[in-house]
Amino acid sequence: MIPINDYRQFVAELINYACRAAGTEETPAIRLAVTQDQLINLLKDIGGIVVAGNIPGADFTNSGGWMQSEGTCILYVLDKMPVDYQGTEREYTRYAELQRLMLEIVKLLANYDGFDRFCDKGEVDYSRPITVEWEYNTFGGFNGLSVEFRLKDKQV
């Protein structure tokens with residue numbers, strides 16, 4: 001199980017680097033939570049781009065005398081768009097901005113050689129897919145994208 005403060009630092013550095021690579025002008029708020037209800041509470045007063053996610057648990061395995069754990073991580077790149085954006089060019093322009101940021105996050109997660117600059121305690125489990133999905137009206141009215149991946153501990 002990756003220590004919570006190491007995971008928080010990993011997410012902050014990952015998002016910082018992805019924002020620079022995507023040319024995102026606004027710095028997203030980052031909120032991590034244990035449950036969906038907690039995340040809804042943390043996001044209720046936030047505007048603009050936000051990166052939200054879970055604090056991963058762990059599945060432990062014992063293989064030949066050593067133990068390893070993996071946790072499912074989900075990160076969301078979201079924005080609470082005004083109702084009058086719905087179906088307009090502004091909505092799709094905003095989706096395109098969120099999509100650029102998500103693409104940079106995925107590129108960083110899929111980078112076998114450079115991932116350890118963000119997380120020296122874990123590594124992405126490349127035997128499983130990195131899955132991106134569109135999100136609509138989640139966590140109390142946010143729209144955007146989510147990415148799901150598995151993070152393995154380097155040491156347990």
Side-chain angles (χ1 to χ4, degrees), residues 2-57 70-126 128-154:
I2 292 178
I4 187 170
N5 288 329
D6 291 330
Y7 182 71
R8 290 174 56 229
Q9 181 179 349
F10 150 68
V11 171
E13 291 178 20
L14 176 73
I15 299 311
N16 226 0
Y17 194 89
C19 284
R20 286 195 308 270
T24 303
E25 292 183 18
E26 69 182 275
T27 304
I30 299 173
R31 300 292 184 269
L32 300 174
V34 175
T35 67
Q36 189 170 8
D37 288 341
Q38 182 186 20
L39 205 47
I40 290 169
N41 271 345
L42 291 173
L43 295 175
K44 68 181 172 190
D45 297 325
I46 294 181
I49 296 176
V50 62
V51 174
N54 71 322
I55 296 171
E70 281 188 30
T72 300
C73 303
I74 303 172
L75 294 176
Y76 299 85
V77 175
L78 303 168
D79 189 12
K80 193 176 242 184
M81 295 180 207
V83 176
D84 63 339
Y85 273 34
Q86 203 165 45
T88 68
E89 197 59 38
R90 293 187 309 192
E91 178 184 34
Y92 293 106
T93 299
R94 195 60 166 173
Y95 279 144
E97 186 177 351
L98 298 175
Q99 188 177 32
R100 272 193 308 277
L101 179 54
M102 179 58 78
L103 182 57
E104 292 302 327
I105 292 168
V106 171
K107 284 181 187 177
L108 291 165
L109 291 172
N111 181 356
Y112 296 89
D113 298 326
F115 182 77
D116 60 351
R117 78 182 120 175
F118 303 114
C119 189
D120 62 355
K121 303 283 189 211
E123 58 189 36
V124 175
D125 180 356
Y126 295 112
R128 300 179 188 220
I130 296 172
T131 305
V132 175
E133 294 183 356
W134 287 98
E135 302 290 336
Y136 177 76
N137 201 28
T138 189
F139 305 124
F142 286 87
N143 302 332
L145 300 107
S146 64
V147 60
E148 182 176 324
F149 57 99
R150 299 277 293 179
L151 200 57
K152 298 188 292 187
D153 290 347
K154 285 187 176 176

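No hydrogens, no waters, no symmetry mates; every other heavy atom, side chains included, goes into these values.
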Residues forming a ring-ring contact (aromatic ring centres under 6.0 Å, His included) with Phe139, sequence neighbours excluded: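 Applying ring-ring contact (aromatic ring centres under 6.0 Å, His included) to Phe139 gives Tyr76.
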
Could you list the residues that satisfy salt bridge (Lys or Arg N to Asp or Glu O under 4.0 Å) with [X], not counting sequence neighbours?
| X | value |
| --- | --- |
| Arg8 | none |
| Arg150 | Asp59, Glu70 |
| Glu26 | Arg94 |

Roughly how far, to the nearest 0.5 Å, is the [atom2] atom of [Y] from the [atom1] atom of [X]?
| X | Y | atom1 | atom2 | value |
| --- | --- | --- | --- | --- |
| Leu103 | Leu145 | CG | CG | 10.0 Å |
| Met81 | Thr88 | CE | OG1 | 9.0 Å |
| Arg90 | Tyr95 | CZ | OH | 13.5 Å |
| Ile55 | Ile74 | CD1 | CD1 | 13.0 Å |
| Leu109 | Ile105 | CG | CD1 | 7.5 Å |
| Ile46 | Phe142 | CD1 | CZ | 6.5 Å |

Kindly write out the residues that satisfy side-chain contact (heavy atoms from CB on, under 4.5 Å) with [X], not counting sequence neighbours, or none if the list is empty.
| X | result |
| --- | --- |
| Glu104 | Ala18, Ala21, Ala22, Lys107 |
| Glu25 | none |
| Pro56 | Tyr7, Asn54, Cys73 |
| Thr27 | none |

Donor-acceptor contact present, side-chain Gln38 to main-chain Val34, <3.5 Å: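 Confirmed, Gln38 side chain pairs with Val34 backbone.
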
Sidechain-backbone polar pair: Lys80 side chain, Leu43 backbone, donor-acceptor under 3.5 Å: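 Side chain of Lys80 to backbone of Leu43: no pair is present.
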
Return the minimal non-hydrogen interatomic distance between [X] and [Y], and the atom names on each side.
| X | Y | answer |
| --- | --- | --- |
| Ala33 | Leu42 | CB-CD1, 3.9 Å |
| Gly53 | Leu75 | CA-CD2, 4.2 Å |
| Pro28 | Ile15 | CG-CG2, 4.0 Å |

Sequence neighbours excluded - ring pair (Phe, Tyr, Trp, His ring centres under 6.0 Å) pairs with any residue from residues 31-50: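 Residue pairs with at least one partner in residues 31-50: there are none.
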
Pairs satisfying salt bridge (charged side-chain N to carboxylate O under 4.0 Å, His left out), at least one member in residues 30-56, at least two apart: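 Sorted pair list comes back empty.
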
Verdict with reasoning, Val106 to Val147, per side-chain contact (heavy atoms from CB on, under 4.5 Å): CA-CA 8 Å; Val106 171; Val147 60; 4.1 Å; yes

Any residue meeting side chain to side chain donor-acceptor pair (under 3.5 Å) with Gln36, in chain and number order, not counting sequence neighbours: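 Gln36 satisfies side chain to side chain donor-acceptor pair (under 3.5 Å) with no other residue.
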
Listed once per pair and sorted, the side-chain hydrogen bond (donor to acceptor under 3.5 Å, both in side chains) pairs that draw on residues 135-148, sequence neighbours left out: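 Every side-chain hydrogen bond (donor to acceptor under 3.5 Å, both in side chains) pair that includes a residue of residues 135-148, provided the two are not neighbours, is Gln86-Tyr136, Glu135-Ser146.
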
Ile49 and Leu98: CA distance, side-chain angles, deciding distance, side-chain contact (heavy atoms from CB on, under 4.5 Å) verdict: CA-CA 8 Å; Ile49 296 176; Leu98 298 175; 3.8 Å; yes

